[in-house]
S.K.: 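Please see the structure below; I have some questions.
The chains referred to below are lettered A, B, ... by the order of the sequence lines, with proteins before strands, and numbering in each begins at 1.
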2 protein chains.
Amino acid sequence: MRRRSSTLTEHELEIMKIVWLHDTSTVRDVYEALLEKRKVAYTTVMTMMKVLEQKKYLKKSQAERAYVYRPAQPQRQVIGAMVRDFVNRVFNGSASPLLVHLVEEHDLSREDLEEIARLRRKP
Amino acid sequence: MRRRSSTLTEHELEIMKIVWLHDTSTVRDVYEALLEKRKVAYTTVMTMMKVLEQKKYLKKSQAERAYVYRPAQPQRQVIGAMVRDFVNRVFNGSASPLLVHLVEEHDLSREDLEEIARLRRKP
DNA sequence: CGTTTAGTACTAATTAATTAGTATGCGAAG
DNA sequence: CTTCGCATACTAATTAATTAGTACTAAACG
């Protein structure tokens with residue numbers, strides 16, 4: 001069989017990114033934002049948002065016309081869990097080899113690193 | 001439909017990690033290494049390695065008894081592609097917010113950062 | 001030489017992820 | 001009041017990922 005992903009899948013994440021930008025979103029809101037990036041059917045977005053609600057990433061509340069959705073978990077926390085999952089899966093839980101990759105292949109300026117180091121120095 | 005993953009899936013990665021540790025591996029080698037971590041059938045490993053060969057992550061060559069597999073791409077490169085994919089998907093391609101996550105939640109020592117910064121300073 | 005063993009090919013089943021159509025209902029507009 | 005448009009629920013199809021069984025083959029072993 002196939003285990004359900006413990007983190008957001010690619011298209012779920014795409015939707016959550018849109019939802020996190022606003023306080024509340026309807027299916028139509030998300031649908032229209034998503035259309036700017038790629039072709040998709042309204043009902044597809046609806047189905048995915050229903051799944052996201054079942055997975056506890058979204059909360060649904062009844063308004064007059066359409067359902068109103070809002071994030072059930074802060075972006076920070078969800079993305080953090082994705083990073084942790086990635087580090088576990090790919091680097092057996094140790095973050096520094098990932099750091100090396102980032103520095104060597106992702107055009108991080110020395111300023112970026114100093115900025116980060118400064119953050120780290122005064123907790 | 002569902003697009004084929006452009007990077008290694010969870011269990012594919014698990015197998016590749018074992019293969020990268022050695023020059024050559026048979027299905028049995030990988031099967032036995034994998035068994036230490038979790039229950040799995042021999043033929044499951046075989047099927048997955050066949051898939052990995054089709055996806056060009058493994059090269060197969062005929063030996064006397066069993067097929068001998070070796071990595072078709074260096075670990076460095078494959079993991080690098082996974083990091084890039086992750087950064088693109090989760091952080092819209094920018095690495096520094098990922099850095100912030102790592103520093104704030106992944107127990108990176110100041111030494112780690114200084115080590116990295118040193119790498120970065122003298123290219 | 002016959003039997004046990006290991007390896008492969010083939011087949012197939014299950015579930016998650018993704019996509020979208022159809023039917024139905026309700027409120028708005030005329 | 002009737003029609004139109006939007007929203008939802010339900011249904012369903014497709015594909016990838018994952019797992020593993022069965023049958024066949026060749027080699028090793030006695």
S.K.: Rounded to the nearest 0.5 Å, what's the gap from CZ on B:Phe86 to CG on A:Leu102? Could you check?
M.R.: 10.0 Å
S.K.: Roughly, in whole Å, what's the span from OH in A:Tyr42 to C1' in D:dG5?
M.R.: 11 Å
S.K.: Within the structure shown, what part of the strands sits under 4.0 Å from A:Val40 by heavy-atom distance: base, sugar-phosphate, or nothing?
M.R.: sugar-phosphate
S.K.: Given atom NE2 of B:His11 and atom C1' of D:dA20, what is their separation to the nearest angstrom?
M.R.: 13 Å
S.K.: Can you name the closest pair of heavy atoms from A:Leu8 and A:Met82 and give their distance?
M.R.: O-CE, 3.6 Å
S.K.: To the nearest Å, how far apart are B:Glu53 CD and C:dT8 C1'?
M.R.: 13 Å
S.K.: Write down the distance between CD (B:Glu32) and C1' (C:dG7), rounded to a whole number of angstrom.
M.R.: 13 Å
S.K.: With the threshold set at 4.0 Å, does a side-chain nitrogen-carboxylate oxygen contact exist between A:Arg38 and A:Glu14?
M.R.: yes
S.K.: Roughly how many Å is it from NZ in B:Lys60 to P in C:dG7, rounded to a whole number?
M.R.: 14 Å
S.K.: Within this structure, what is the CD-to-P distance between B:Glu14 and D:dT19, rounded to whole angstrom?
M.R.: 8 Å
S.K.: Is there a side-chain contact between B:Lys55 and the phosphate of D:dA17, meaning an N or O under 4.0 Å from OP1 or OP2?
M.R.: yes
S.K.: Of the nucleotides D:dC10, C:dA9, D:dT19, which has the atom closest to the A:Lys50 side chain?
M.R.: D:dC10
S.K.: Mind calculating the distance between OH (B:Tyr31) and P (C:dT8) to the nearest angstrom?
M.R.: 14 Å
S.K.: Please tell me which of the listed nucleotides, C:dT8, C:dT18, C:dT19, lies nearest to the side chain of A:Thr47?
M.R.: C:dT19
S.K.: From the options D:dA7, C:dT19, D:dA20, select the nucleotide whose nearest atom is closest to the side chain of A:Met48.
M.R.: C:dT19
S.K.: Of all the nucleotides listed (D:dA16, C:dT8, C:dT19), which has the minimum atom distance to the side chain of B:Arg4?
M.R.: D:dA16
S.K.: Counting heavy atoms from C-beta on, name the nucleotide in D:dT19, C:dT18, D:dT8 closest to the side chain of A:Glu10.
M.R.: C:dT18
S.K.: Working to the nearest 0.5 angstrom, can you tell me the gap between B:Leu52 CG and B:His11 NE2?
M.R.: 12.5 Å
S.K.: With DNA chain D as reference, determine whether A:Arg65 or A:Arg2 sits nearer its 5' end, using the nearest nucleotide of each.
M.R.: A:Arg65
S.K.: Under 4.0 Å between a side-chain N/O of A:Thr9 and OP1 or OP2 of C:dA16, yes or no?
M.R.: no
S.K.: From the list C:dA20, C:dA9, C:dG7, which nucleotide is the closest neighbour of the side chain of B:Arg28?
M.R.: C:dG7
S.K.: If you check every side-chain atom of A:Tyr67, which of D:dT8, D:dT18, D:dA20 has the closest atom?
M.R.: D:dT8
S.K.: Looking at A:Thr43, does any N or O in its side chain come under 4.0 Å of the phosphate oxygens OP1/OP2 on C:dA20?
M.R.: no
S.K.: Is it the case that the base of D:dA17 and the side chain of B:Ser5 share a donor-acceptor contact (distance under 3.5 Å, atom types as modelled)?
M.R.: no
S.K.: Whole Å only: how far is the CD1 atom of B:Ile15 from the C1' atom of D:dT18?
M.R.: 10 Å
S.K.: Rounded to the nearest 0.5 Å, how far does NZ of B:Lys60 lie from NZ of B:Lys50?
M.R.: 7.0 Å
S.K.: Taking B:Glu10 first and then A:Arg2, would you say they form a salt bridge - that is, a charged N and a carboxylate O separated by under 4.0 Å?
M.R.: no
